Amino acid sequence: MSDVRTGCPVSAAGSPEGARESIAFDHHDPALVTGFRETWRELAEANPLHWSTAHGGFWIVTSYEAVYRMARDADAFSSAFANGGNTIPAMPFEFGFVNMDPPEATARRRLLAARFAPDEARRWEAEARDVATAFIDRVIEGGRCDLIDDLASPVPAVLTMALIGLPLEHWRLCADANHHMNTAPPGSPLHAQAIVEMAEVEQLLIALIEHHSNATDDDGTLASLLCRATIDGEPVDRAQILNDLRLVLNGGVDTSASLLGSALQWLAEHPDRRAELRDRPELLEPACEEFLRFFTPVTAMARTCVKDNEIEGQLIRAGERVLLAFSSANADPQAFADPENVQLDRWPNRHTSFGLGPHRCLGSHFARAEFKITLEEVLKRMPDYAIDATATEQYPSFGVNQGWISLPATFTPSARLGSTFTP
Ligand code: HEM
C-alpha cells in the first residue's frame with residue numbers, strides 16, 4: 001500500500017465520481033499499529049472522507065459529525081451480513097443481530113435487552129468482583145504476572161461465558177478465538193487459525209443450544225432465555241440463536257480486554273494519575289469514559305450504503321461500502337477539546353466507542369461495571385505494578401480492535417483474599 005503517513009495518494013483510477021482523492025489505505029495493515037493515532041489524525045486533517053482502493057474499495061469516514069450521522073441512519077447504511085456485514089472485509093462468520101438491519105435486528109435485540117439493563121449490571125457486580133479477585137489471587141503471592149494473559153483476557157471471557165451459560169473451563173479457547181478473529185490481519189496465518197478456533201467455539205455453542213432446547217428448567221443464562229424465546233409466537237431458529245450467542249461472546253470478550261489492557265498500560269506510564277485514580281474513587285466513572293474515548297477499543301465498523309446519500313459534500317452511492325472510524329471521531333477537535341490528551345475527569349464525554357444508533361453496544365453497562373471493578377481491584381491489590389516496556393506486545397492489526405497481547409508486570413506480593421470462583 002502507499003504510505004498514508006506521507007499523504008501520498010495513489011491514482012484516482014477506480015475511485016467513484018467526485019472522490020477527492022484515492023488512497024490504498026488498508027486499516028488492517030500491521031504497519032499501522034505503530035503510529036496509529038498520528039496516521040488517523042493525518043487522514044482526518046486531510047479530509048473527512050477518503051476513498052480507499054483496498055478490499056474492493058470503500059469510503060473511510062473520519063469526522064465525528066459524519067460518523068454520528070451515518071451510524072444512526074440504518075435506512076441508508078446497512079449492517080446486513082448479505083451486504084457485507086459490519087466489517088471490511090466481511091467476517092467469515094455471521095454475528096447475529098449486529099449483522100442485521102431493523103426491524104429484524106431490533107426484534108432479536110429486544111429478546112436480550114432486559115438482561116443487559118443497568119439494574120442487571122449492578123446486580124452482576126458482585127460476580128465480577130469475585131472473578132477479578134480469583135484471577136488476581138492466582139498471581140498475587142508471586143509478585144509478577146502478565147496483565148493481559150492473567151487478568152484482562154480471562155476476566156471478561158469468564159464473565160461473558162457465565163452470562164451465556166458456556167462451560168467456564170473453555171475460557172482460554174473462547175478468549176483466544178475471539179482475540180484472534182478481531183485482531184489478525186485478514187488472510188494471515190493467524191486469521192486462518194482464528195477461523196479454526198471459532199469453529200471449535202461454535203461446537204460449544206451448538207452443544208449448549210442442544211442442551212437448552214431439551215431442558216425443562218430455565219437456569220437464567222442467555223442460552224436458556226433464547227431457547228425459550230419467541231418472536232411473533234414462533235420459537236427462534238437454532239441457527240439464529242447460535243449467531244446471537246456468538247455475537248454476545250465476541251462483543252464481550254475482546255473489547256473489554258482491549259479497554260482494560262490499554263488503561264493499565266497508560267496508568268503504568270502515568271504513576272501520578274494512577275495514584276490519583278486510586279485515592280479518588282469518584283474519578284473512576286469519568287475515567288472509564290475517557291479511556292473508552294481515548295483508546296476506542298473497537299476502532300472502526302463498516303456499513304454498506306443502500307440509498308444514495310450526500311455526506312460532507314460527497315455523494316455516496318448505493319452499493320458502496322463505508323468504514324466508520326470511531327477512533328478518529330473520538331479524536332475530532334470539533335467534538336472534543338484537547339482530544340489528544342487523557343483528561344480523567346472529562347465530562348460530558350459523548351464518545352462513539354460503544355457505537356451509535358440501532359446497533360449501539362448492548363453490553364455497555366456490563367462493560368463499564370466489569371472495567372471499573374477489575375481496575376479498582378488492581379489499584380487496591382497491586383498499586384505499584386510496573387510493566388516491562390521491553391517485553392510488551394500489541395495486537396498484530398488495529399483494523400477492528402486495538403489493544404495488547406502481552407503486558408508483563410511486577411508488583412509487591414501480598415496475600416490471597418479467597419473467592420468462590422476457581423479459575
Ligand atoms: C469496552 C467494552 C466494549 C466496547 C468498546 C464495545 C463496543 C461495541 C460497538 C462499537 C458496537 C457497535 C457495532 C456496530 O455498530 O456495528 C457494539 C455492539 C454490541 N456489543 Fe459491545 N462493546 C463492549 C462490550 C460489550 C460487552 C461486555 C457485551 C456483552 C457481554 C457486548 C455486546 C454487544 C452486542 C450484543 C452488540 C450488538 C448490538 C446490536 O447490534 O444491537 N459488548 N459493541
Side-chain angles (χ1 to χ4, degrees), residues 67-68 70-74 77-81 83-88 90-91 94-113 115-117 120-121 124 128 152 155-166 174 178 182 221-222 226 243-263 288-289 291-304 322-327 329-330 351-375 400-403:
V67 167
Y68 183 88
M70 293 163 83
R72 289 159 53 95
D73 186 357
F77 298 102
S78 164
S79 296
F81 193 65
N83 291 329
N86 65 344
T87 56
I88 295 175
M91 285 277 183
E94 197 168 338
F95 287 94
F97 50 91
V98 83
N99 285 164
M100 299 171 81
D101 294 324
E104 290 79 14
T106 319
R108 289 260 292 279
R109 178 183 166 113
R110 208 174 281 137
L111 296 177
L112 295 179
R115 291 298 313 280
F116 285 98
E120 290 286 335
W124 178 74
V155 171
V158 163
L159 287 169
T160 311
M161 290 169 72
L163 264 184
I164 292 172
L166 279 167
C174 290
N178 285 285
N182 290 356
T221 61
L222 300 185
L226 286 181
N243 288 342
D244 286 352
L245 293 179
R246 180 167 33 225
L247 162 65
V248 174
L249 188 64
N250 187 264
V253 167
D254 199 45
T255 50
S256 301
S258 299
L259 178 65
L260 200 52
S262 297
C288 171
E289 300 309 311
F291 287 133
L292 276 160
R293 181 194 70 83
F294 191 73
F295 293 112
T296 317
V298 178
T299 53
M301 291 270 95
R303 300 287 187 265
T304 303
V322 298
L323 185 73
L324 308 180
F326 295 137
S327 56
N330 280 341
H351 60 73
T352 62
S353 298
F354 285 128
L356 303 144
H359 292 291
R360 190 180 182 282
C361 180
L362 188 59
S364 61
H365 303 297
F366 279 68
R368 289 178 171 123
E370 171 182 89
F371 173 78
K372 285 187 268 188
I373 284 169
T374 312
L375 184 57
V400 176
N401 268 40
Q402 58 173 320

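We count ligands from 1, going down the list as the structure has it; atoms in each ligand are counted the same way. Along the sequence shown, the residues carry numbers beginning at 1. Computed from a prediction, not measured in an experiment: that's the story for all the values here.
Of the possible polar contacts, none joining the Asn178 side chain to the Leu249 backbone as a donor-acceptor pair under 3.5 Å is found.
Nearest-residue assignment for atom 5 (C) of ligand 1 (options Ser258, Ser353, Ala71; heavy-atom criterion): Ser353.
Counting protein heavy atoms only, atom 40 (O) of ligand 1 is closest to His359 ND1, 2.6 Å. Remark: minimum distance from atom 41 (O) of ligand 1 to any protein heavy atom is reached at Arg109 NH1, 2.6 Å. Scanning the protein heavy atoms around atom 13 (C) of ligand 1, the nearest turns out to be Met301 SD, 3.7 Å.
Nearest heavy-atom pair, Ala152 versus Leu260, reported as atom, atom and distance to 0.1 Å: CA-CD2, 3.7 Å. Across all their heavy atoms, His359 and Ala105 have their closest contact at CE1-CB, 4.0 Å. Contact detail for Ser79 and Val98: the closest heavy-atom pair is CB-O, 3.3 Å. Taking all atoms of both residues into account, the shortest heavy-atom contact from Leu292 to Pro297 is O-CD, 3.9 Å.
Donor-acceptor pairing under 3.5 Å is recorded for the side chains of Asn182 and Asn250. Ser256 and Glu370 are linked by a side-chain donor-acceptor pair at a separation below 3.5 angstrom, with hydrogens and angles left out of the test.
Among the atoms of Ser79, none of the N or O lies under 3.5 angstrom from an N or O of ligand 1.
Within the structure, ligand 1 has Ser256 among the residues with a heavy atom less than 4.0 angstrom away. At least one heavy atom of Arg303 sits less than 4.0 Å from an atom of ligand 1.
Each of the atoms 13 (C), 16 (O), 37 (C), 40 (O) of ligand 1 lies under 4.0 Å from some heavy atom of Val98. Numbered from 1 in the order shown, with element, the atoms of ligand 1 that lie under 4.0 Å from a heavy atom of Pro358 read 41 (O). Remark: ligand 1 atoms within the under-4.0 Å shell around heavy atoms of Asn86 are 14 (C), 16 (O).
If you look at Phe116 next to ligand 1, the close heavy atoms, those under 4.0 Å, all belong to the side chain. In Leu247, the part holding a heavy atom less than 4.0 Å from any atom of ligand 1 is the side chain.
With respect to Phe97, the side chain to side chain contact (heavy atoms under 4.5 Å, CB included) criterion is satisfied by exactly one of Leu112, Leu111, Thr106: Leu112. The salt bridge (Lys or Arg N to Asp or Glu O under 4.0 Å) with Asp244 is formed by just one residue from the set Arg108, Arg109, Arg115, Arg110; it is Arg108.
Below the 2.8 Å limit, atom 21 (Fe) of ligand 1 has as protein N, O or S neighbours Cys361 SG.
Trp124 and Phe366 have tilted rings, their planes meeting at an angle from 30° to 60° on a 0 to 90° scale.
For Arg368, the salt bridge (Lys or Arg N to Asp or Glu O under 4.0 Å) test picks out Glu289, with sequence neighbours left out.
Rounding to the nearest 0.5 Å places CG of Asn86 at 4.5 Å from CE of Met301.
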